[in-house]
Every structure is written in structure tokens, then in C-alpha cells.
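Please read the structure below before turning to the comments.
Note that the structure is predicted; figures quoted are calculated from it, not measured. So you know, we letter chains A, B, ... as the sequences are listed, proteins then strands, and number each from 1.
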Amino acid sequence: MSNRTNTAGKDIRIKIRGLTKAFGPKVILNDLDLDVYAGESLVVIGGSGTGKSVLLKCMLGLLRPDAGSIEINGQEIVGLGSDDMEQVRRKFGMLFQYAALFDSLSILDNVAFGLTQAHGVPKKEAHRIALEKLSAVGLGERFASKFPAELSGGMKKRVGLARAIATTPETLFFDEPTTGLDPVMGDVIDQLIVKSVKELGATGLTITHDMDSAKRISDRIAMLYDGKITWVGPTNELEKTDNPYVHQFINGLLDGPIKISFANSDRAAG
Amino acid sequence: MPILQPLGNLTLRFLEIIGRLSVFAGTAISHCFRPPFYPKLILKQMIEVGYYSLPVVGLTAIFTGMVLALQSYTGFARFSAESAIPNVVIVSITRELGPVLAGLMVAGRVGAAMAAEIGTMRVTEQIDALYTLATNPFKYLIAPRVIAGVLTLPLLVLVADTIGVFGGYLVSVHKLGFNPATYIKNTLDFMENLDVISGLVKAAVFGFLITLMGCYHGFHSRGGAQGVGAATTNAVVSASILILISNYIITELFFSI
């Protein structure tokens, strides 16, 4: 079914095969296959509750899949022990949906956290790098000593981005980077993401349902529906595809193969 | 059948919780002994658990000692056994009341705070963030708290013991007309090393249980503010119950022979 583009010759950074995850009787991911190539920016789109976050958490090793395999740089991470997984995560950077900054630490310590804790960089050096990364996301030195609670949502996201790129990771994950932001700030975050991924030469994997954002930051787009990747291809082919799921999703149509259950809609609509 | 099924489900759920808790405790303990250690975080938690609990534990101890002396007097006066008051006070405070009351107060104060803090970190994805920054939350969050609890509670109980005995002294000397020198001499004569030590062992165990329950319920909290609230309640209730149960077991181990 999947409309794979010919990307032969590129290194596969993340290779997912047969990934299955269920919570009780509810199957979220069902025999899912996906390749993410080194140096590309792949965006996974899909409606709310289709399992985008579950997919991301499986890749980060925060959730254990029921079946299937996830290889990162050729290393199988499903079933890896916590110490080995920690080694794999050293090469990850992750921007959380609501930034997930440590509210007991200052902005500077938040950004420097990965460097000092996991990479053994001396504090002074880590703070220097952290200031550099903060200015890269457009936050001056005066923010360094503030605490997360003092910042707006957009600023938190930028600090989160600075924290994610501070350790110069090989792979960057973004969870709904523009959710909860105004369109201008969303655009700013998108540009920062593109810039950071390009500057680091990193591989980017983003999950979102914001189509404008997806088009801005992606080289390729994959659509998740019913626990599987129903379409994957270069961003410019997205509009041309005859895949009915993609067509319905990107145009926001009510009619189409994607059925939204209205079983409880009386109350919701009331 | 419909009667047995819920019973079976309940048993399975109970066993599941015991299993999860045991694995959690095992992981937490193993990380207490494996590097990297975080001395600064341990110190911060010790101040949180110990220093900031001093007022509430001190108040509890002094009034407990005072009421103990008063009650013993009203009881013992009937048998003209008033002179046993210093004995009753020192034994009761060091063996039981010091550790148990300090433990329960700290469970309310510290266990709740830990569950709320870690629970909030869980629901705001800060714990996931720790994982993605290649930092094990067991090492960074849980081990320092457990170590601080085990080290600090005995110190806190020593203070509580002293203040509690002093409370008994205050009432005996100033209200019941005991001779101060005799009261202190009797107290010291009756003080047994084993009584104090058993109290301190209890304190260390309570410190472990309080911090473990706070961390466990916080770590497994789900679903936003409500989940964090439930975690806080569960942490305090379960810590208190475990304190009372383990108190009996330790007493049995020390004094039943």
C-alpha cells in the first residue's frame, strides 16, 4: 500500500518493522513499518488519538512495544536494558509538547542539564554552551537566571528546543512543536527547528497534526492511520497523492474513509 | 461464580501492586548503591526532610512527653507509684512514641510533598524528559530522597526523643512537684541503649518507607491534577499504615525474646 519513494543509497537512521502496541484490548499501533533516513526531516501526521505519541515513545524507549523491532543506527532498541538504552538516548534530543522544563532549575541549568548530567561536561563549559544555544533560539542572557514558571509558552518551547540541541544530538524528536502557540510563534518555532536540524546535520522526526507546520519542516511526510503508516512520501507529493486518507486529512474533510466515532457526541455537542 | 470472580480480581490486583512495589523498591535500592551519586541533591533532601520537619516534630514530641507524664501520674498515683514516671516516659518515648509519632508527622509532611512533586513531574512529562536527557530518574530523583530519608529520620528521632523526655520533665517538675535532680537521675538510670537503638532502627526503616511511598505514588501518578492529588493521599495513607505495621514487626524482633 505504502507509496515509498526511492531513497536507495541513503543510510537508514531509524528502521521500524512490525511495531505493535496495545493498551488492554485497544490496539494502537498495528504492525507498523517506517524508515527514517539519516539527515532528513520526517514528519508523521495523523489525527488525535491515532498513536503518534505512542510511536514516538516507543522510539524513545519510554514505552515497550508488544511486538516488532526498532533499530537505531542498526542497533535494536526493543528490549534493551536501562543502562544500554541510556547510551542510545545520549544521541537523542527531544522537544516535548509542553516543553517539560524542570521547574526546580533555572533556564540555564535546564539547557545545560544533558551536558552536565549525561555527558560529563564541566559546569562552566556547559553553561557557556547553554548560553550559546539560548541565543541560537533567540533568548538573551537575561533569561538565563529565570525559572520556567516565569516564561510564556512560546519561550518555554524555545528553551525546550535549546535543551534538546544542547548536546548536539544525532536525532531530534519533536512532539507537536506548534501546539498551543499563536501562528507567528508557531512559524518561529518551525524555522528554529529547520535551522537547528540543518546546522547539526541531525535527523529530525516530528509528530504533529498541524499541516502548515508539517509542510514547513518536513522533507518527507508519513501519515499514520489505524495503527499503520498509510502513506509516506516527499512533502511536495503530498497534495498530488490519490491516497484517500491523506486527501481527507490534509483538506480537513468530513467525508472520506477516516471515520470519527460520534458515539458520545450528544454531550460533546450539547 | 459471580461472588468468587471479584474476589479473585481483587487478589490479583493486590498481588500486582505488591509485585510492582517490590520491583520499584528493588530498583530504588540498587540505585542507592550504584554511581553516579548526587551528594548535593541528597543534602538538599536531607534539609527538606530533617531540618524543615524539626518544628512540627518538636511540637509533637514535647506535647506527647508532657501528656505522657500527666496521664501516668493520674494513673500511678492510685498505687502510689508516681516515682515510676521518669521510667515510663523514657521507655515510651525512646521505644515507641518518638519514632512512631515523628514518622507519622514526616509521612504527612514529606511523603505528601514528594508524591506531589514527582507526580507533577510525571504528568508534565518532566520524568520522560529526564529519560530523554539520558538521566535515570531513579538515580536523580528517587535515590537521593530515599538515602536522605534513611539517614535523616534517625537524627530527627534523636531530637524528638530528647524533646519528648524534656516535655515529661517539664510537667513532672513544674506541675507535679518532682525534684529536678532526682527526675534527671532516674531518667538516666532507666535509659537503656537497646531502647534508643531500637527506636533509631525504626526511624531508619520509617524513613525508607515514607520516601519510598512518596516516590512510588508520585512516579506512578496518572491523569493530571486529580491523579497527583490521589497520589499524595495514597502516599500518606500507605506510608502511615506501613509505619504502624513495621513498627510492630521491629518491636517483635527486638523485644520478644
- Item | Atom pair OG1/CG of B:T132 and A:L60 - distance to nearest 0.5 Å | 6.5 Å
- So OG1 of B:T135 and CZ of A:F102: to nearest 0.5 Å the spacing works out to 7.0 Å
- Message: Quick check: do A:K57 and B:Y131 have side-chain heavy atoms less than 4.5 Å from each other?
- Response: no
- Query: Is it the side chain or the backbone of A:L115 that comes within 4.5 Å of chain B heavy atoms, both, or neither?
  - Reply: neither
- Message: Quick check on the interface: out of B:L130, B:T124, B:I127, who has the most heavy-atom pairs with chain A under 4.5 Å?
- Response: B:L130
- Note on the structure: To the nearest 0.5 Å, atom CG of A:D83 lies from atom CZ of B:R34 at 5.5 Å
- Taking all non-hydrogen atoms of both residues, which atom of A:A100 and which atom of B:A129 are closest, and how far apart? O-CB, 3.8 Å
- Message: Taking CZ in B:R222 as the centre, count heavy atoms belonging to other residues, nucleotides or ligands within less than 6.0 Å. Is the count above 12?
- Response: yes
- Task: Could you tell me which portion of B:Y38 (side chain, backbone, both or neither) has an atom closer than 4.5 angstrom to a non-hydrogen atom of chain A?
- Result: side chain
- Query: Taking it one step at a time, do A:Y98 and B:Q126 satisfy side-chain hydrogen bond (donor to acceptor under 3.5 Å, both in side chains)?
  - Reply: CA-CA 10 Å; A:Y98 298 105; B:Q126 290 179 52; over 6 Å; no
- Query: For A:K123, does the NZ atom sit with more than 12 other heavy atoms under 6.0 Å from it, leaving out its own atoms?
  - Reply: no
- Let me know if A:D103 has heavy atoms under 4.5 Å from chain B in its side chain, its backbone, both or neither. both
- Task: Examine A:F113 together with B:Y140 and report whether their ring centres are nearer than 6.0 Å.
- Result: yes
- Query: Just wondering, more than 12 heavy atoms not from B:Y52 lying within 6.0 Å of its OH?
  - Reply: no
- Query: Is B:Q226 atom CD crowded by more than 12 heavy atoms from other residues, nucleotides or ligands, each under 6.0 Å away?
  - Reply: no
- Check whether any side-chain heavy atom of A:H119 sits under 4.5 Å from a side-chain heavy atom of B:L133, and report yes or no. no
